[in-house]
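The structure appears right after this line, and notes come after that.
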Amino acid sequence: MSTFDPALLVLEDGTVHEGTAYGARGSRLGEAVFATGMTGYQETLTDPSYARQIVVQTAPHIGNTGVNDEDSESRRIWVAGYVVRDAARRASNWRSRRSLDEELIAQEVVGIQGVDTRAVTRHLRSAGSMKAGIFSGEASARSVAQLVEEVRSQPSMKGARLAEEVTTEQAYVVEPSAHGWEGEPVAVVAAIDLGIKTMTPVRMAERGLRVHVLPATASLADIHAVSPAGVFLSNGPGDPATAADQVGLLREVLDAGIPFFGICFGNQILGRALGFGTYKLPFGHRGINQPVMDHTTGKVEITSQNHGFAVDAPVGETLTAPEERYGRVQVSHSSLNDGVVEGLRCLDIPAFSVQYHPEAAAGPHDSAYLFDRFVELMKVKDNA
C-alpha cells in the first residue's frame, strides 16, 4: 500500500486536514459525516444510504480484516470519499480476499489516511455536517482557496433526491428457501428499494417471507402485481422532502389497508405520508451503538443507525395524524441521546416504522423483533 502521495480533507468553512492518499487518487466531493462503529467498515462503505457522503471513521484502526465477498450490503461502495486515521498495512482474517486499499482503488473511491479523525468529529459535532472534499496526488496541488471554492460550489444534501440513483434497476425475488426456511412461504412482501441493504430482505426471508424487491419508481399497480400481504419501504439516501412520489405511493398503500413496515428513509416517508414534517439534523446519527427507548415496552435497545434527517412529531403523546384519515399515531421509539423520533406506530391502520436498522449488518441484534412484528401484523390482517 502506497502511503506517500499527499492528500487533503477540505471543509466548506475553510478547515483543512493534511494526510496521505488512501485508495484511488484524485478528487471527490460530498457531505462530511462521521460514523462511530468500531467494526463493520465494509458494511458502512456499501450502505447506499451513504451515497454522496464523505465518511469519517471515528474508530482509529480501519482495514484490519480486509475485504471479503460476503459482507457487502449492496452491489458496490457508495460513499463519495473515505477518511481514516490508521489504515492497516496488512489485512489479517481468514475470510479476507483483498485489502481495503485495493478495494477502494478498484472501485475508484478516493480516501485519505493519517488524519486526526477525532478532531474532525469534534468539529462536525459542533459545526454540523458540512460540504467537503478529498484531494490527493496532483489534485491536492492547487491552492487552498481554489479547493475551498470547489467544495462550496457543490449541491447541498438538503434538497437532494438520491433514492432513484441507488435503487435496483430490475425487480428481483429473495426466497425464504434460500435462507434456511423449510416449507411454504408464510407471506409475500413487496419491498420498495430506496437504497435497501442486502441483509434486510434476508432477515425477512429467514422468517418465511418471500420478498419481491421493486425499484424506487414502482407504482401501486407494480405492488398489486405481486399480490403482497405487506409492503416495506427501505432505508436510503437524500432528503425525504424530495420523495413526493414515494409519499404518494405509500398513501395509496395505507388507503388500501395493506400492512406496512418502514426502515430509516421509510420511517421518514411514513411520517410525511401521515402529514408530519421532516428536518435535517445538525450532524445525524451514524454508528452501531445508538441507544433508543421503545416506549411500548420500556426497554432500551442499542441500535445501528445511519440518517441525517428526522421526522418532526411530538414524543410522549397519542395524537390524530395531520392527515386525519389515518387516525391515531404515536412516536413508538425515541433517541436517548437527543430525543429524536426513532419510530412511529399507527393505532388505527396496520402501519409502523423505525428510524434505525434492525437487520444488524453490522450492528447489535436488539431490534430483530421488528421483523417478527411485521409478520404478525400481516397475519392479523390476513385473519381479519
Side-chain angles (χ1 to χ4, degrees), residues 37 39-40 42-44 46-49 68-75 95 167-168 170-214 223 226-236 258-267 288 290 292 294 296-297 299 301-306 332-333 342-343 345 350-383:
T39 186
Q42 184 171 337
E43 291 91 337
T44 294
T46 55
D47 181 349
S49 294
N68 60 54
D69 295 327
E70 295 81 38
D71 290 345
S72 292
E73 282 299 309
S74 67
R75 61 188 180 275
R95 294 197 301 153
T167 190
T168 182
Q170 301 291 332
Y172 61 94
V173 181
V174 179
E175 293 286 357
S177 59
H179 298 282
W181 184 262
E182 297 180 359
E184 292 298 312
V186 171
V188 173
V189 171
I192 310 301
D193 176 8
L194 308 177
I196 199 167
K197 295 173 70 176
T198 298
M199 283 305 298
T200 302
V202 169
R203 295 298 185 218
M204 296 187 202
E206 290 171 345
R207 289 161 170 80
L209 302 179
R210 173 178 288 147
V211 185
H212 290 260
V213 182
L214 307 178
I223 290 174
V226 302
S227 301
V231 171
F232 171 81
L233 282 181
S234 79
N235 62 290
I258 304 172
F260 170 77
F261 176 32
I263 286 176
C264 198
F265 204 53
N267 175 70
I288 58 176
Q290 305 283 328
V292 165
D294 182 343
T296 303
T297 64
K299 293 182 178 179
E301 304 167 25
I302 303 302
T303 68
S304 174
Q305 299 194 18
N306 173 13
S332 59
H333 301 73
E342 295 287 354
R345 176 171 172 252
F352 72 102
S353 60
V354 291
Q355 186 59 62
Y356 49 93
H357 291 257
E359 82 291 329
H365 293 80
D366 297 23
S367 308
Y369 70 91
L370 291 164
F371 293 110
D372 299 317
R373 182 177 292 178
F374 188 35
V375 173
E376 291 304 312
L377 191 66
M378 290 183 285
K379 287 181 177 178
V380 168
K381 182 64 176 180
D382 189 52
N383 294 329

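Treat the numbers as computed from the prediction; the structure is a model and nothing was measured.
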- Message: Test of understanding: with side-chain hydrogen bond (donor to acceptor under 3.5 Å, both in side chains), list the residues that count as partners of Ser72, not counting sequence neighbours.
- Response: Gln42
- Query: Which pairs with one or both residues in residues 184-207 pass side-chain hydrogen bond (donor to acceptor under 3.5 Å, both in side chains), sequence neighbours excluded?
  - Reply: Lys197-Glu359, Arg203-Glu206, Arg207-Asp372
- Query: Are side-chain heavy atoms of Phe260 and Leu377 found at a separation under 4.5 Å?
  - Reply: no
- Item | All side chain to side chain contact (heavy atoms under 4.5 Å, CB included) counterparts of Ile223, not counting sequence neighbours | Ala190, Ile192, Leu214, Pro228, Val231, Leu249, Val253
- Indicate the atoms forming the closest heavy-atom contact of Asp71 with Glu43, along with that distance. O-CG, 3.4 Å
- Residues in side chain to side chain contact (heavy atoms under 4.5 Å, CB included) contact with Val186, at least two apart in sequence or another chain: Trp181, Leu209, Val375, Lys379
- Message: Looking at every heavy atom in both Pro185 and Arg210, which two are closest together, and how far apart are they?
- Response: CG-NH2, 3.6 Å
- Task: Kindly write out the residues that satisfy ring-ring contact (aromatic ring centres under 6.0 Å, His included) with Phe265, not counting sequence neighbours, or none if the list is empty.
- Result: none
- Should the heavy atoms of other residues, nucleotides or ligands under 6.0 Å from CD of Glu70 be counted, would the total exceed 12? yes
- Qualifying residues under ring-ring contact (aromatic ring centres under 6.0 Å, His included), relative to His333, sequence neighbours excluded: Tyr356
- List in chain and number order the residues that pass side-chain hydrogen bond (donor to acceptor under 3.5 Å, both in side chains) with Ser353, two or more places apart in sequence or in another chain; answer none if no residue qualifies. Asn267
- Nearest heavy-atom pair of Ser367 and Pro358: which atoms, and what distance? O-CB, 3.3 Å
- Task: Report yes if the side chains of Leu370 and Val354 come closer than 4.5 Å at any heavy-atom pair, otherwise no.
- Result: yes
- Message: Can you list everything that forms a side chain to side chain contact (heavy atoms under 4.5 Å, CB included) with Thr297? Sequence neighbours excluded, please.
- Response: Asp294, Lys299
- Message: Holding to salt bridge (Lys or Arg N to Asp or Glu O under 4.0 Å), I want the full list of residues that pass it with Arg75, two or more places apart in sequence or in another chain.
- Response: none
- Task: Check side chain to side chain contact (heavy atoms under 4.5 Å, CB included) between Ser74 and all other residues, then give those that pass, not counting sequence neighbours.
- Result: Thr46, Pro48, Trp78
- Message: Restricting to side-chain hydrogen bond (donor to acceptor under 3.5 Å, both in side chains), what partner residues turn up for Gln305, sequence neighbours left out?
- Response: His285, Thr303, His307, Glu342
- Query: Looking at residues at least two apart in the chain, or sitting in another chain, which of them share a ring-ring contact (aromatic ring centres under 6.0 Å, His included) with Phe232?
  - Reply: Phe261
- Message: Tell me the closest heavy-atom pair linking Arg345 and Phe352, and the distance in Å.
- Response: CA-CB, 4.3 Å
- Query: How far does CG of Asp47 sit from SG of Cys264, to the nearest 0.5 angstrom?
  - Reply: 8.0 Å
- Task: Identify the heavy atoms of Thr168 and Gln170 that sit nearest to each other, and give their distance.
- Result: OG1-O, 2.7 Å
- Message: Just so I know, are the side chains of Leu194 and Ser234 near enough to count as touching, which here means a heavy-atom distance under 4.5 Å?
- Response: yes
- Item | Residue among Ile288, Val292, Asp366 satisfying side chain to side chain contact (heavy atoms under 4.5 Å, CB included) with Ile302 | Asp366
- Over all heavy atoms of both residues, which pair between Met378 and Ala229 is shortest? Give the atoms and the distance, please. CG-O, 3.5 Å
